[in-house]
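Mind looking over this structure? Questions follow.
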Amino acid sequence: MSPTYKRTLVTSALPYANGPVHIGHLAGCYLPSDIFVRYKRSKGEDILFVCGSDEHGVPITIKAKKEGITPQDVVNKYHKMMGDSFKEFGISFDIYSRTSNKIHHQTASDFFRTLYDKGVFTEQVTEQYYDDEVKQFLADRYITGTCPKCANPNAYGDQCEKCGSTLNATELIDAKSTLSGSKPILKETKNWFLPLDKLQPKIQAYLDEHKDWKSNVYGQCKSWLDSGDGLQPRAMTRDLDWGVPVPVKDAEGKVLYVWFDAPIGYISATKELRPNDWELYWKDKETRLIHFIGKDNIVFHCIIFPAMLMEHGDFILADNVPANEFLNLEGDKISTSRNWAVWLHEYLLEFEDKQDVLRYTLCSNAPETKDNDFTWKDFQTKNNSELVAILGNFVNRTLVLTHKFYNGVVPSADTYTKEDLLVLEQLSSFPDKIASAIEGFKFREALAEMMNLARLGNKYLADTEPWKLIKTDENRVKTIMNIALQITCNLAIVCEPFIPFTSTKLFAMLNMPALKWHAAKQTSNLASGHTINKDELLFAKIEDIEIEAQINKLQESKKANAVTVIAPAKPETTFDEFSKMDIRTGTILEAERVPKTDKLLKLKIDTGIDQRTVVSGIAEYYKPEEIIGQQVSILVNLAPRKIKGIESQGMILMASNSKGELSFINASKPDFNNGSEIK
RNA sequence: GGUGAGGUAGCUCAGUUGGUUAGAGCAUCGGAUUCAUAACCCGAAGGUCAGGAGUUCAAAUCUCCUUCUCACUACCA
């Protein structure tokens, strides 16, 4: 936070255009950034707020294929959906752009070309799976096969969605191309890498200047730099036909890696918004650049993107990256694929005109320092006992009294008592308190301060009791009501960053145009003699029925999930194929943990044929001492393989449930000796 | 296993460079009140600051160990 900055550029993580926005996204980065920007605008600072849809990358091509439409159709659908719901929710982007725009393709392409011409990239030839039928390299997501860990037959080349393991495409058993169904072959391909290893000293120096970043952010960056071998070169191009084409020779069929292309989206969005002076926001040392993101994006925004910008030259680097942690929902991780989420577009339909309730709840419980949990019960409580009872109630009682006593005309303040002066002093101190919390990215604290202003109002009314005094001292009541109205007016100003819809309603009720931040330090924004409008309730109570409905809805998707996780049957095989496998009953003679691993047990098995060593990934489910003497089924003619330096000579057959938990399978009658064949 | 972030009242979280009886909101209980959406206002109760050891006149705060949660990462034939 240097005082020399003349302007600020705020970016919010580009949401990936393969699904709608949910509350996790909002709490993670869109709401905090919006609060920050609204506050800065209210202060009259020069600030731009850019965002857009991230529309490239493999998952979108897969989704398109599945639905039989083009990738462009997919992103068109979600781009519109996300843009609309952000807008309706009051996320006040100056521009919500998209990476399939021409201007972005041009910008990203030029950016790559500049780095290429400067000789920044290293070229590397690697072996990748290639589908010879459709003449195309296969991204990890385009390869399916049997998961080597849980035997799920529908694991992807990068991940098994059933057991959650991260995989390499080459690990899959019976790998298959999803494009043609054929067996892929390994083929050499050339890609361009960003040599992060060589850039490490520069990145280190950059991070050293920013030890003031949030501890979760700085800590994670440091762990990347300090870990074992330090940073590793990372491919910035992919063999794919959806994305920004690589603008060099010999690069047919290659596009920029989404993580190269996406952050450049911030630049192209700025360009689109301000074609004439966009460079001011990206290249002037007096511009402060801030990236709002979720914790999953830290490495890209704090290491890779800055590295790209440094190597390009010209550009400024982020001054801060206030990343939030994750938001859970009713105790479970939010998951798009499991439909465990509160979707913004659905919320907006089901809770019409209640944007501010969600904004308030998410901000007050934002995962600023650790993962947090969103519950509907909490949502209800926050609405009923804070928004309704404290803020809404204060405004309501003030306006009702004003209409009752003065027919809606603001009375003039007469002589201030000691008590009044104290309240006025506190009133004018709020803007700075809230501001410093926002400047420090402590939005929960800022929000709590905002509510304290409403509390101050409630207390003032309770202490002065104008409804009693009106019978004995009318003059005094005028002063009291004037002060209560000033508090209401200043509330309208300082609540705007957090709950803008409420702010608008408040100004409308007060019958005045919206005031800017600096006015909130004044205690006479409402002139005496001014007539206010009729009062209406700011917030309505949320009843149990509504909350139960939401909880039931989540229960339904939980049930739906429990059913669908059963893996579909594998394609038909032949008896010949099956009989190639030599499976026997065996007994575990010895078992011990493989050091420095979480999942591995080293087993000695009596197979009836011999005694052999097998390494198996079952340590999470069985303790070594419990399984000695256990009878198991073992595949004995599997090619041996070294795991953690130990040669594993076979594979224990395990049953795996939908959670990826494992269980031995063995003969159910006692008199089956080791070495009995399983057929 | 490695690395990072966390573990503070029933719940959600503050606790700045170690300094008198550990704070706030919500929930609970009691009181007062009626202008207000039975809301507000006042008060009470509620914590071996994950556990253990150490440094210090003094530790929630510093060091070490153990343990639990989350994230990244390695191992799973």
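Since we're looking at a predicted model, the values are computed, not measured. In what follows, every chain begins at residue 1, and chains take the letters A, B, ... in the order their sequences are listed.
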Exercise for the section: Under 4.0 Å between any heavy atoms, over every strand shown, what does A:Ala448 touch: base, sugar-phosphate, or nothing? Just pick one. Expected result: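 Answer is nothing: A:Ala448 stays at 4.0 Å or more from every strand.
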
Handout entry: A:Asn393 CG to B:A36 P, straight-line distance once rounded to whole Å
Key =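 My rounded result for the distance is 10 Å.
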
Practice task
Output the single nucleotide from B:G25, B:U37, B:A14 whose closest atom is nearest the side chain of A:Val388.
Solution key: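 In terms of side-chain proximity for A:Val388, the closest of B:G25, B:U37, B:A14 is B:U37.
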
Problem - OP1 or OP2 of B:G6 under 4.0 Å from side-chain N/O of A:Ser215 - result: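 Yes, such a contact exists.
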
Exercise for the section: Would you please confirm or rule out a distance under 4.0 Å between OP1 or OP2 of B:C26 and any side-chain N or O of A:Arg455? Expected result: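 So the side-chain polar atoms of A:Arg455 do come within 4.0 Å of the phosphate oxygens OP1 or OP2 of B:C26, strictly under.
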
Practice task
Give A:Glu445 one of three labels, base, sugar-phosphate or nothing, depending on what nucleic acid heavy atoms sit under 4.0 Å from its own.
Solution key: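 Answer is nothing: A:Glu445 stays at 4.0 Å or more from every strand.
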
Exercise for the section: Would you indicate what A:Val615 reaches in the nucleic acid, counting non-hydrogen atoms under 4.0 angstrom: base, sugar-phosphate, or nothing? Expected result: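 If one applies the 4.0 Å heavy-atom cut-off, A:Val615 turns out to touch the sugar-phosphate alone, with no base involved.
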
Exercise for the section: Pick the C1' atom in B:U67 and in B:G46, then give their distance to the nearest Å. Expected result: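 Those two atoms are separated by 26 Å.
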
Exercise for the section: Sticking with atom C1', work out how far B:A9 lies from B:U48, rounded to a whole angstrom. Expected result: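 Looking at atom C1' only, B:A9 and B:U48 are 13 Å apart.
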
Practice task
When you get a sec, tell me which of B:U12, B:C35, B:A71 is the closest nucleotide to the side chain of A:Asn365?
Solution key: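 Minimum distance to the A:Asn365 side chain belongs to B:U12.
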
Handout entry: Watson-Crick or G-U wobble partner of B:A58, both distances under 3.5 Å
Key =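 Checking every strand shown, B:A58 finds no partner, since no pair has both distances under 3.5 Å.
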
Practice task
Just compare B:U12, B:U37, B:C75 and give me whichever is closest to any side-chain atom of A:Leu600.
Solution key: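 Closest nucleotide among those given: B:C75.
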
Practice task
Using only side-chain N and O atoms of A:Lys459, determine if any of them is under 4.0 Å from OP1 or OP2 of B:C42.
Solution key: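 So the side-chain polar atoms of A:Lys459 do come within 4.0 Å of the phosphate oxygens OP1 or OP2 of B:C42, strictly under.
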
Problem - Separation of atom CG in A:Asn458 from atom C1' in B:U37, rounded to whole Å - result: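 Checked: the CG to C1' distance equals 13 Å.
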
Practice task
Could you please name the option among B:C70, B:C41, B:C35 that lies closest to any side-chain atom of A:Asp371?
Solution key: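 Per side-chain heavy atoms of A:Asp371, the pick is B:C70.
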
Practice task
Kindly indicate whether the side chain of A:His210, heavy atoms from C-beta on, has any atom under 4.5 Å from the side chain of A:Asn320.
Solution key: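 No. Closest side-chain heavy atoms not under 4.5 Å.
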
Handout entry: Distance between P atoms of B:U63 and B:A45 (Å, rounded)
Key =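 About 35 Å, rounded to a whole number of Å.
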
Practice task
Remember a base hit wins even if backbone is also touched, and classify A:Lys377 as base, sugar-phosphate or nothing at under 4.0 Å, heavy atoms.
Solution key: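 Nothing, no nucleic acid heavy atom in range.
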
Practice task
Output the single nucleotide from B:U37, B:C26, B:U34 whose closest atom is nearest the side chain of A:Ile390.
Solution key: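 Closest nucleotide among those given: B:C26.
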
Problem - Protein-nucleotide distance (A:Lys442, atom NZ; B:G25, atom P), rounded to Å - result: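 My rounded result for the distance is 19 Å.
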
Exercise for the section: Could you please spell out the steps behind the salt bridge (charged side-chain N to carboxylate O under 4.0 Å, His left out) verdict for A:Arg476 and A:Asp420? Expected result: CA-CA 11 Å; A:Arg476 171 79 188 120; A:Asp420 295 343; 2.7 Å; yes

Problem - pair A:Leu461-A:Thr398: side-chain heavy atoms closer than 4.5 Å - result: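 They are in contact (side-chain heavy atoms under 4.5 Å apart), so the answer is yes.
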
Handout entry: Per A:Gln220 side chain, nearest of listed nucleotides B:A39, B:C76, B:G4
Key =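 The listed nucleotide nearest to A:Gln220's side chain is B:G4.
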
Practice task
Could you say whether A:Phe405 or A:Asp296 is positioned toward the 5' end of RNA chain B, judged by the nucleotide with the nearest heavy atom to each?
Solution key: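 Result of the comparison: A:Phe405.
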
Exercise for the section: Answer yes or no: does a side-chain N or O of A:Thr398 lie under 4.0 Å from OP1 or OP2 of B:A36? Expected result: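 The answer is no; no side-chain N or O of A:Thr398 sits under 4.0 Å from OP1 or OP2.
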
Practice task
Can you figure out which of B:A36, B:C41, B:C26 approaches the side chain of A:Ser385 most closely?
Solution key: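 Nearest to the side-chain atoms of A:Ser385, counting from C-beta on, is B:C26.
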
Practice task
May I ask you to establish whether A:Lys295 and A:Phe326 are in a cation-pi arrangement, using a distance under 6.0 Å from NZ or CZ to the six-membered ring centre and at most 45° from the ring axis?
Solution key: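 Because its charged atom sits under 6.0 Å from the ring centre and within 45° of the axis, A:Lys295 does stack over A:Phe326.
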
Exercise for the section: To the nearest 0.5 Å, tell me how far A:Ile483 CD1 sits from A:Thr464 OG1. Expected result: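 One finds 8.5 Å between CD1 of A:Ile483 and OG1 of A:Thr464.
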
Exercise for the section: Sticking with atom P, work out how far B:C42 lies from B:C26, rounded to a whole angstrom. Expected result: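 So the two P atoms sit 11 Å from each other.
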
Handout entry: Interatomic distance, A:Lys382 NZ vs B:U37 P [rounded to whole Å]
Key =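 Taking NZ of A:Lys382 and P of B:U37, I get 25 Å after rounding.
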
Practice task
Round to the nearest Å and state the distance from A:Trp467 atom CH2 to B:C41 atom C1'.
Solution key: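 Computing the A:Trp467:CH2 to B:C41:C1' distance gives 8 Å.
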
Practice task
Verify the ring-centre separation between A:Tyr16 and A:Trp259: is it less than 6.0 angstrom?
Solution key: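 No, the ring centres sit 6.0 Å or more apart.
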
Handout entry: Rounded distance (nearest 0.5 Å) linking atom CZ of A:Arg584 with atom CG of A:Asp606
Key =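 Going from CZ on A:Arg584 over to CG on A:Asp606, the span is 12.0 Å.
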
Exercise for the section: Provide the Watson-Crick or G-U wobble partner of B:U20, both distances under 3.5 Å; none if there is no partner. Expected result: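 In the structure as shown, B:U20 has no Watson-Crick or wobble partner.
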
Practice task
Using the six-membered ring wherever Trp is involved, compare the ring planes of A:Phe374 and A:Phe379 and label them parallel, tilted or perpendicular (cut-offs 30° and 60°).
Solution key: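 Rings of A:Phe374 and A:Phe379: tilted, 30 to 60°.
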
Practice task
Could you let me know what B:U3 is paired to, Watson-Crick or G-U wobble, both distances under 3.5 Å, or none if it's on its own?
Solution key: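 Pair assignment: B:U3 / B:A71.
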
Problem - B:A27 and B:C72, which share atom name P, separated by this distance in whole Å - result: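 Pairwise P distance, B:C72 against B:A27, rounds to 36 Å.
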
Practice task
With heavy atoms under 4.0 Å as the rule, sort A:Phe539 into base, sugar-phosphate or nothing.
Solution key: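 Here A:Phe539 touches the bases of the nucleic acid.
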
Exercise for the section: Show your reasoning for whether side-chain hydrogen bond (donor to acceptor under 3.5 Å, both in side chains) applies to A:Arg455 and A:Asn452. Expected result: CA-CA 5 Å; A:Arg455 288 193 174 93; A:Asn452 281 340; 3.0 Å; yes

Handout entry: Partner nucleotide of B:U63 by Watson-Crick or wobble geometry (both distances under 3.5 Å)
Key =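 B:A53 - that is the nucleotide pairing with B:U63, both distances being under 3.5 Å.
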
Exercise for the section: Let me know the distance between CE of A:Met481 and P of B:A36, rounded to the nearest Å. Expected result: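 After rounding, the gap between these two atoms is 12 Å.
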
Handout entry: Residue met sooner reading RNA chain B from 5', once A:Ser616 and A:Asp463 are mapped to nucleotides
Key =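 This one resolves to A:Asp463.
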
Handout entry: B:A36: pairing nucleotide in any strand, Watson-Crick or G-U under 3.5 angstrom
Key =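 Across all strands, not a single nucleotide pairs with B:A36.
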
Problem - Which nucleotide in B:G7, B:C35, B:A39 has an atom nearest any side-chain atom of A:Lys370 - result: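 It is B:G7.
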
Handout entry: C1'-based separation of B:C49 from B:U21 [nearest Å]
Key =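 Nearest-Å result for B:U21 against B:C49 at atom C1': 15 Å.
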
Problem - Sugar-phosphate, base or nothing in reach of A:Leu391, heavy atoms under 4.0 Å - result: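 Nothing, no nucleic acid heavy atom in range.
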
Practice task
Counting heavy atoms from C-beta on, name the nucleotide in B:U12, B:A14, B:C70 closest to the side chain of A:Thr369.
Solution key: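 Comparing B:U12, B:A14, B:C70 against the side chain of A:Thr369, the answer is B:A14.
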
Problem - Phosphate contact (B:A38 OP1 or OP2) by A:Lys541 side-chain N/O below 4.0 Å - result: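 For A:Lys541, the contact criterion (side-chain N or O under 4.0 Å from OP1 or OP2 of B:A38) is not met.
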
Exercise for the section: Give the rounded distance in Å between these two atoms: CG of A:Leu329 and P of B:U12. Expected result: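 Distance, rounded to whole Å: 15 Å.
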
Exercise for the section: Take atom P in B:C29 and the same atom in B:A36, then report the distance between them in whole Å. Expected result: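 So the two P atoms sit 25 Å from each other.
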
Exercise for the section: Please state how far atom CG in A:Asn216 lies from atom P in B:C72, giving the value in whole angstrom units. Expected result: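 In whole Å, B:C72 P lies 14 Å from A:Asn216 CG.
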
Exercise for the section: Go ahead and name the base partner of B:C29; Watson-Crick or wobble counts if both distances stay under 3.5 Å, otherwise write none. Expected result: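 With both distances under 3.5 Å, B:C29 matches B:G43.
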
Problem - C1' atoms of B:G43 and B:U33, separation to the nearest Å - result: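 The answer is 14 Å between these two C1' atoms.
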
Problem - Out of B:A27, B:C41, B:A71, whichever nucleotide has its closest atom nearest the side chain of A:Lys295 - result: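 Of the options given, the side chain of A:Lys295 lies nearest B:A71.
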
Problem - Distance below 4.0 Å between A:Thr375 side-chain N/O and B:U12 OP1 or OP2 - result: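 Checking B:U12 against A:Thr375, no side-chain N or O comes under 4.0 Å of OP1 or OP2.
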
